[in-house]
Q: 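Pasting in a structure now, in structure tokens, and then I'll have a few things to ask.
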Number of protein chains: 4
Amino acid sequence: MVGEEPRAMRRRPTQDRSRATVERILDAGRSVLLERGFEGASTNRIAAAAGVGPGSLYQYFPDKEAILDRVVERAVDDLEARITRAFLGSLRAGDDAVRGHLEALLDALVAEADLVRVLSQDRPRTVGRRRVGFARRIDALVAGALLAEHPDAGDVPVDAVAWMLVRTVEHVTISWVLEAPDVGREAMLDELTALVGGYLRRRWG
Amino acid sequence: MVGEEPRAMRRRPTQDRSRATVERILDAGRSVLLERGFEGASTNRIAAAAGVGPGSLYQYFPDKEAILDRVVERAVDDLEARITRAFLGSLRAGDDAVRGHLEALLDALVAEADLVRVLSQDRPRTVGRRRVGFARRIDALVAGALLAEHPDAGDVPVDAVAWMLVRTVEHVTISWVLEAPDVGREAMLDELTALVGGYLRRRWG
Amino acid sequence: MVGEEPRAMRRRPTQDRSRATVERILDAGRSVLLERGFEGASTNRIAAAAGVGPGSLYQYFPDKEAILDRVVERAVDDLEARITRAFLGSLRAGDDAVRGHLEALLDALVAEADLVRVLSQDRPRTVGRRRVGFARRIDALVAGALLAEHPDAGDVPVDAVAWMLVRTVEHVTISWVLEAPDVGREAMLDELTALVGGYLRRRWG
Amino acid sequence: MVGEEPRAMRRRPTQDRSRATVERILDAGRSVLLERGFEGASTNRIAAAAGVGPGSLYQYFPDKEAILDRVVERAVDDLEARITRAFLGSLRAGDDAVRGHLEALLDALVAEADLVRVLSQDRPRTVGRRRVGFARRIDALVAGALLAEHPDAGDVPVDAVAWMLVRTVEHVTISWVLEAPDVGREAMLDELTALVGGYLRRRWG
DNA sequence: CATGAATGAGACTTCATTCAT
DNA sequence: TATGAATGAAGTCTCATTCAT
């Protein structure tokens with residue numbers, strides 16, 4: 001393979017032991033991140049949690065940022081997988097279907113509330129890009145589902161609709177998980193269903 | 001008793017020079033925050049930017065956190081004032097009115113894009129509270145406007161509707177400012193208008 | 001009067017207000033010293049407790065050391081006065097008399113336990129001299145009393161006896177106040193009486 | 001769990017280089033302490049004297065206090081060893097034996113006069129405990145010796161006698177070393193011998 | 001490959017002291 | 001005289017990173 005990236009990884013782990021070490025480092029990074037946030041995620045702490053010397057981190061990563069980048073990337077991938085699974089079977093229209101999808105999404109977020117909290121609150125400048133990347137992949141997913149549902153898009157700007165829906169649902173659900181507001185789970189789902197359903201009907205109804 | 005130490009502010013600035021110094025510190029804090037983010041907002045840097053010695057910060061603030069808290073508080077208040085002005089004249093119903101309000105909100109956010117970026121991306125654990133407080137004040141504002149518009153709420157859960165609307169509009173507009181996505185300004189406003197209008201109509205139509 | 005000491009006091013307080021200010025500063029110094037120890041006795045804190053600006057301290061004292069020196073000097077004088085009073089009526093011989101004196105001394109120390117504790121434990125290098133001065137004055141007092149009691153000293157080295165007695169009684173009583181050991185007050189007084197009485201009898205008996 | 005932090009010592013020095021560094025730090029701590037007292041014993045100064053970076057101190061000690069604690073502990077142990085050696089062969093009664101013991105003790109203190117001076121004069125609040133602990137160990141030693149000498153204690157309160165003797169001898173000898181008073185060495189030893197001998201005779205004679 | 005001791009810049013904070021008002 | 005705002009050196013401690021072993 002060509003195109004090695006010297007900044008992203010000093011040594012491509014070809015041997016099994018190496019791969020295992022990288023794994024331990026990333027797992028440790030995730031633990032530390034969840035327990036102490038970005039501020040508390042020091043290299044020494046990650047190394048200690050991984051059971052390796054601080055020097056070993058630099059065998060596999062050029063600097064601290066690269067470690068956390070990779071940790072966040074993985075965490076976001078996990079979350080994305082969970083969320084994607086929640087939407088398996090296509091995005092059907094109709095309020096009942098919409099509500100079902102939203103429930104599944106909410107469950108996925110609640111199951112990873114700690115992670116969601118860390119990613120939403122702490123993230124330093126350098127790690128920010130990941131989240132947008134994540135949302136964009138979901139955008140594409142949703143746009144595809146909308147097109148599958150309504151093959152004749154007419155003059156509806158499908159990409160814009162998908163973008164809007166994803167931002168809306170993402171933030172409303174995350175806010176609900178983080179804020180624990182006075183709005184109950186069912187009430188929130190009712191309203192969000194109405195919001196999304198109303199929008200879709202307006203666009204395609 | 002000897003040596004009492006107030007927590008919020010060491011010395012209430014009664015004299016003119018004091019007030020000016022506090023002002024310079026907070027302005028410097030805002031500059032540094034916008035230019036280098038929370039990570040780069042060190043006390044030494046803020047002091048240097050304010051043209052005062054590092055010790056002077058502690059004449060007026062008990063610690064770094066208090067400085068940044070106050071900087072963020074002011075910035076959020078600014079933003080809130082802008083946004084509130086954008087909604088002067090009540091929240092009228094109807095797509096045209098909705099769209100007008102959204103445009104005004106968007107303009108307010110665009111005018112402070114850097115600030116919005118820092119507040120959305122960087123904020124360390126300790127400074128977090130302000131944002132939720134901010135959103136909650138807007139919640140109340142919007143709930144009031146909705147009730148004024150529709151005195152007979154029927155069985156519509158006005159608080160939940162307001163909460164939902166605020167989260168939705170906040171995040172969609174902020175995301176648009178931060179992500180600069182492929183969705184144009186007009187398209188975004190069209191869609192957001194449709195989203196909000198459809199929701200309101202569904203609830204009260 | 002000649003022989004002014006420029007280091008000890010910048011301005012001899014001739015006016016009443018000045019004297020009152022010095023008084024307030026020294027009182028405040030004593031309070032702060034008792035409440036926070038030498039480590040916590042900062043100029044700012046003393047000034048605040050005295051109700052004057054930090055700059056005013058330097059109208060009357062050349063530096064912090066001079067303030068604490070004077071505070072300690074006064075405190076030691078107080079203590080010395082108490083102790084001297086405890087010995088009024090001459091130092092009589094005989095166990096009963098000895099024990100009576102010791103009780104009086106112990107009461108004086110107990111009454112100022114906080115002060116004794118601070119002076120015994122914290123004192124920075126620069127303030128140390130005072131204590132020796134204090135003890136030396138007591139030495140002379142005791143030597144005088146011994147001579148009055150036994151005019152024919154013979155070849156007894158009265159000064160050495162006084163020196164020894166003062167060190168012994170001082171430290172035993174102070175240790176008892178500070179350590180709160182398992183030895184009760186009466187037992188301690190019994191033993192100290194035996195110690196001192198035995199010594200005196202051996203020297204003059 | 002992630003990131004445990006032992007309090008007493010961050011890293012147990014298993015390797016030789018580590019042990020050597022700890023040794024250098026403690027030696028440097030002792031030097032700085034003797035030369036500049038507790039006030040001047042800053043971490044930077046200790047690190048410089050040890051020829052290590054300031055950060056290295058914190059590889060082995062959790063904070064400054066722990067360093068000085070250990071330095072004092074070692075110094076006190078040294079002193080205790082010297083003193084204990086001075087009393088080898090049991091504490092015999094009789095003026096000659098008493099005087100012999102006292103001479104040995106005095107020599108031990110004179111040999112470490114600088115250390116005695118620092119420990120007696122400077123010690124900040126936080127490092128204080130050691131000294132009392134030290135004295136208490138000597139108490140037990142002396143009480144044991146007294147009992148061995150006089151198996152039939154009768155109604156003599158041996159613990160109180162030991163406590164009194166230790167405080168007396170400790171302070172008289174230390175005062176003599178520190179004050180360098182007009183009392184000569186031989187005179188002081190004579191008087192202290194008389195004091196202790198008279199006391200013992202009175203109690204058991 | 002791995003270690004972990006060592007580094008040293010830089011973080012936050014305190015405080016004795018000065019000086020314009 | 002008195003003030004108190006301002007100073008800035010110095011203090012304690014952290015942490016990303018390096019390098020001899």
Side-chain angles (χ1 to χ4, degrees), chain A residues 10-11 13 15 17-18 21 39-48 51-65 67, chain B residues 10-11 13-22 39-47 50-65 67, chain C residues 11 13 15 17-18 21 39-48 51-65 67, chain D residues 10-11 13-22 39-47 51-65 67:
Chain A
R10 283 209 174 156
R11 177 175 280 279
Q15 308 193 351
R17 185 152 65 110
S18 292
T21 302
E39 285 203 62
S42 73
T43 52
N44 285 341
R45 249 178 322 228
I46 293 173
V52 303
S56 297
L57 301 184
Y58 294 85
Q59 295 281 343
Y60 302 104
F61 300 92
D63 54 22
K64 182 195 176 188
E65 185 190 333
I67 301 173
Chain B
R10 290 219 166 153
R11 195 179 284 276
T14 50
Q15 305 199 348
D16 279 358
R17 187 153 64 118
S18 290
R19 215 189 311 278
T21 302
V22 170
E39 285 203 69
S42 74
T43 51
N44 284 343
R45 222 127 47 188
I46 293 173
V52 302
S56 296
L57 302 185
Y58 295 86
Q59 295 271 353
Y60 303 105
F61 300 93
D63 53 22
K64 182 193 175 188
E65 186 189 334
I67 301 173
Chain C
R11 175 174 281 278
Q15 307 193 352
R17 185 153 66 109
S18 292
T21 302
E39 286 203 60
S42 72
T43 52
N44 286 340
R45 264 201 283 251
I46 293 173
V52 303
S56 298
L57 301 185
Y58 294 85
Q59 297 280 343
Y60 302 104
F61 300 92
D63 54 22
K64 182 194 177 189
E65 185 189 334
I67 301 172
Chain D
R10 289 218 166 154
R11 193 180 284 278
T14 52
Q15 305 199 347
D16 280 359
R17 188 155 62 120
S18 289
R19 214 189 313 278
T21 302
V22 170
E39 284 204 69
S42 74
T43 52
N44 284 343
R45 218 118 61 179
I46 293 173
V52 302
S56 296
L57 303 186
Y58 296 86
Q59 295 271 355
Y60 303 104
F61 300 93
D63 53 23
K64 181 193 174 187
E65 187 189 333
I67 301 173

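Letters A, B, ... mirror the listed sequences (proteins, then strands); counts begin at 1.
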Q: Between E:dA6, F:dC13, F:dG4, which nucleotide has the shortest distance from any of its atoms to the side chain of D:S56?
A: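 Given the options E:dA6, F:dC13, F:dG4, the side chain of D:S56 is closest to E:dA6.
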Q: So which atom in B:A47 and which in B:P54 form the shortest heavy-atom distance, rounded to 0.1 Å?
A: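 Closest approach of B:A47 to B:P54: CB-CA, 3.8 Å.
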Q: Calculate the interatomic distance between B:I67 atom CD1 and E:dT13 atom C1'; express it in whole Å.
A: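 It is 11 Å, rounded to the nearest whole Å.
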Q: Roughly, in whole Å, what's the span from CD in B:Q59 to C1' in E:dT17?
A: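 Whole-Å distance recorded here is 12 Å.
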Q: How many whole angstroms separate atom OH of B:Y60 from atom C1' of E:dT13?
A: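 Nearest whole value for this atom pair: 17 Å.
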Q: Can you tell me which nucleotide in E:dA11, E:dA16, E:dC1 comes closest to the side chain of A:S18?
A: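 Nearest to the side chain of A:S18 among the choices is E:dC1.
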Q: Drop me the distance from D:F61's CZ to D:I46's CD1, to the nearest 0.5 angstrom.
A: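 It is 9.5 Å, given to the nearest 0.5 Å.
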Q: Can you figure out which of F:dA6, E:dT13, F:dC15 approaches the side chain of B:D63 most closely?
A: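 Nucleotide nearest to B:D63's side chain: E:dT13.
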Q: Is there a Watson-Crick or G-U wobble partner for F:dA20 with both distances under 3.5 Å, and if so, which one is it?
A: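 Per the H-bond distance test, E:dT3.
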Q: Are D:T21 and E:dA6 close enough that a side-chain N or O sits under 4.0 Å from OP1 or OP2?
A: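 Result: yes.
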Q: Could you tell me the separation between the CD1 atom of A:I67 and the CG atom of A:L57, rounded to the nearest 0.5 Å?
A: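 One finds 4.5 Å between CD1 of A:I67 and CG of A:L57.
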Q: When the nearest nucleotide of DNA chain F is assigned to C:G51 and to D:K64 on a heavy-atom basis, which residue is associated with the more 5' position?
A: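 The answer here is C:G51.
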Q: Here's a test of your reading of the structure: between D:R17 and B:G55, which maps to the more 5' nucleotide of DNA chain E?
A: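 It is D:R17, whose closest nucleotide lies nearer the 5' terminus.
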Q: Rounded to the nearest Å, what distance is computed from the CD atom of residue C:E65 to the C1' atom of nucleotide E:dT17?
A: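 After rounding, the reported distance stands at 15 Å.
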Q: C:V52 side chain: which of E:dA16, F:dT3, F:dT17 is closest?
A: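 It is F:dT3.
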Q: Please state how far atom CZ in D:F61 lies from atom P in E:dA6, giving the value in whole angstrom units.
A: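 For the pair D:F61 CZ and E:dA6 P, the rounded distance is 12 Å.
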Q: A:S42 or B:L57: which one's nearest nucleotide on DNA chain F is closer to the 5' end?
A: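 The residue whose closest nucleotide sits nearer the 5' end is B:L57.
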Q: Show the nearest heavy-atom pair for residues C:Y58 and C:D63, with the distance to one decimal.
A: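 For C:Y58 versus C:D63, the nearest heavy atoms are CE2-CA, 3.9 Å.
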Q: So does B:Y58 get a side-chain nitrogen or oxygen closer than 4.0 Å to the phosphate oxygens (OP1/OP2) of E:dC15?
A: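 It does not, given that no N or O in the side chain of B:Y58 lies less than 4.0 Å from OP1 or OP2 of E:dC15.
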Q: Given atom CD1 of A:I46 and atom P of F:dT17, what is their separation to the nearest angstrom?
A: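 Those two atoms, CD1 and P, are 11 Å apart.
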Q: Nearest-nucleotide wise, let me know which of B:P54 and C:A41 is further upstream toward the 5' end of DNA chain E.
A: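 Result: B:P54.
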Q: Tell me the interatomic distance from D:N44, atom CG, to F:dT14, atom P, rounded to whole angstroms.
A: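 Those two atoms, CG and P, are 14 Å apart.
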Q: Sticking with atom C1', work out how far E:dC1 lies from F:dT21, rounded to a whole angstrom.
A: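 My reading of the C1' atoms in E:dC1 and F:dT21 gives 13 Å.
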Q: Starting from P on F:dC15, measure out to CD on B:E39 and report it in whole angstrom.
A: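 After rounding, the reported distance stands at 13 Å.
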Q: If we call it a pair only when both distances are under 3.5 Å in a Watson-Crick or G-U wobble match, what pairs with F:dG8?
A: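 Base-paired to E:dC15.
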Q: Identify which nucleotide among F:dG11, F:dC15, E:dA16 has an atom closest to any side-chain atom of A:R45, counting heavy atoms from C-beta outward.
A: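 In terms of side-chain proximity for A:R45, the closest of F:dG11, F:dC15, E:dA16 is F:dC15.
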Q: OP1 or OP2 of F:dC15 less than 4.0 angstrom from a side-chain nitrogen or oxygen of A:T43, does that happen here?
A: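 It does not, given that no N or O in the side chain of A:T43 lies less than 4.0 Å from OP1 or OP2 of F:dC15.
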